Amino acid sequence: MNELIVKYQKAADIHKEVRRYLNVNNIVKPGIKLIDLCNIIELKINELCKNEVDMINKQPKAKQIKGGIAFPTGLSINHIAAHYTPEFNTTEILGDNDVIKIDFGVHIDGCIIDSAFTYSANPIFKPLLDATREATYNAMTKCGVDARLGEIGKIVQEVIESYELNINNNIYPIKPIYNLGGHNILQYKLHGGKIVPLFYEEHNKEKMKSDEIYAIETFATTGTGYAQHSNYCSIYAKSGKKAPLNFKESKTILNDINRNYASLPFCTRDLNILSSNYGLAELTKKQLITPYPALVDSLNSYTSQLEHTIYISDKKTSFLSLANDY
Ligand code: MN
Ligand code: MN
């Protein structure tokens with residue numbers, strides 16, 4: 001792990017640098033087009049990663065590693081909690097009363113930093129944003145060797161359910177999105193198989209171990225507390241399954257995926273196609289790729305998220321993506 005942890009730290013530095021760039025230039029504000037925000041973030045990630053990777057690869061006897069965007073940038077607004085990334089022809093603009101979750105990933109040699117924050121120009125949403133902020137920070141401080149995942153969920157649930165949101169004198173209780181959660185991260189594998197729940201799972205005795213990487217993420221909502229798949233889908237990842245293909249278009253897309261993304265998630269924008277593409281449809285139907293549709297709570301609800309990537313070791317827990325901004 002020692003060799004990899006250096007790469008996680010480099011990826012974390014780049015994540016923080018991208019956030020600093022957004023802040024210094026006051027980029028996240030009402031009026032920005034989602035597609036522009038997405039491009040700004042992803043170009044910056046690629047630029048910074050290229051410098052880092054070039055330096056590593058130039059060293060004597062270096063095995064040539066890759067680095068860059070770890071997954072399509074999530075720009076999920078209001079009742080959309082996660083997995084929304086714009087298509088290249090999207091005209092959507094961030095509004096004054098929108099609550100946006102900005103979730104982006106950086107990787108160096110498959111060592112992924114997955115970290116997200118929530119922004120709204122309207123201060124009435126502060127309690128909703130505070131709920132996930134406090135929940136994630138409290139959860140992070142309880143992480144460490146032998147920490148029970150089910151107990152971390154308890155802290156998250158208690159914190160989030162203690163908040164409520166007042167909109168025009170209507171009181172909305174705030175709850176966690178119970179069917180979402182944090183996760184461990186493996187090299188080139190964003191979701192490593194362990195889940196950190198957002199509610200008390202008394203019978204979940206699974207524990208954190210030394211030398212594990214976790215994305216600690218919490219979601220809060222004024223809606224039902226359950227995220228469902230929407231009809232909108234622009235994010236996919238290779239499944240590992242094989243099957244004969246009928247269309248030339250499908251083969252072209254698959255070659256592109258193999259060359260550029262391997263096991264990492266990608267989006268239609270990356271492939272320069274729309275989700276209506278029939279090659280993409282064939283790959284999905286034959287299960288060579290898995291679709292990750294946008295996850296939504298009830299219409300007119302609002303959701304927030306805060307996410308950090310951390311490293312568990314015998315000595316201490318390192319909050320890799322933590323900086324002054326969040
Ligand atoms: Mn994330
Ligand atoms: Mn995550």
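As the structure lists them, so they are numbered: ligands from 1, and atoms in each ligand from 1. If you're wondering where the values come from, they're calculated on a predicted model, not measured in any experiment.
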Taking both backbone and side-chain atoms into account, decide whether H191 has an N/O/S atom under 2.8 Å from the Mn ion (ligand 2). no
Centre-to-centre under 6.0 Å for F125 and Y302, is that the case here? yes
Keeping to distances under 2.8 Å, can you name the protein N/O/S atoms close to the Mn ion (ligand 1)? D103 OD1, D103 OD2, D114 OD1, E307 OE1
For K10, is the NZ atom crowded, meaning more than 12 foreign heavy atoms sit under 6.0 Å from it? no
Neighbour count above 12 (heavy atom, 6.0 Å) for K242 NZ: no
Y119 with Y326, same ILVMFWY side-chain cluster at under 4.5 Å: yes
Can you list the residues that meet the side-chain hydrogen bond (donor to acceptor under 3.5 Å, both in side chains) rule with E42, with sequence neighbours excluded? T73, R269
Going by an N to O cut-off under 4.0 Å, is there a salt bridge joining E282 and K285? no
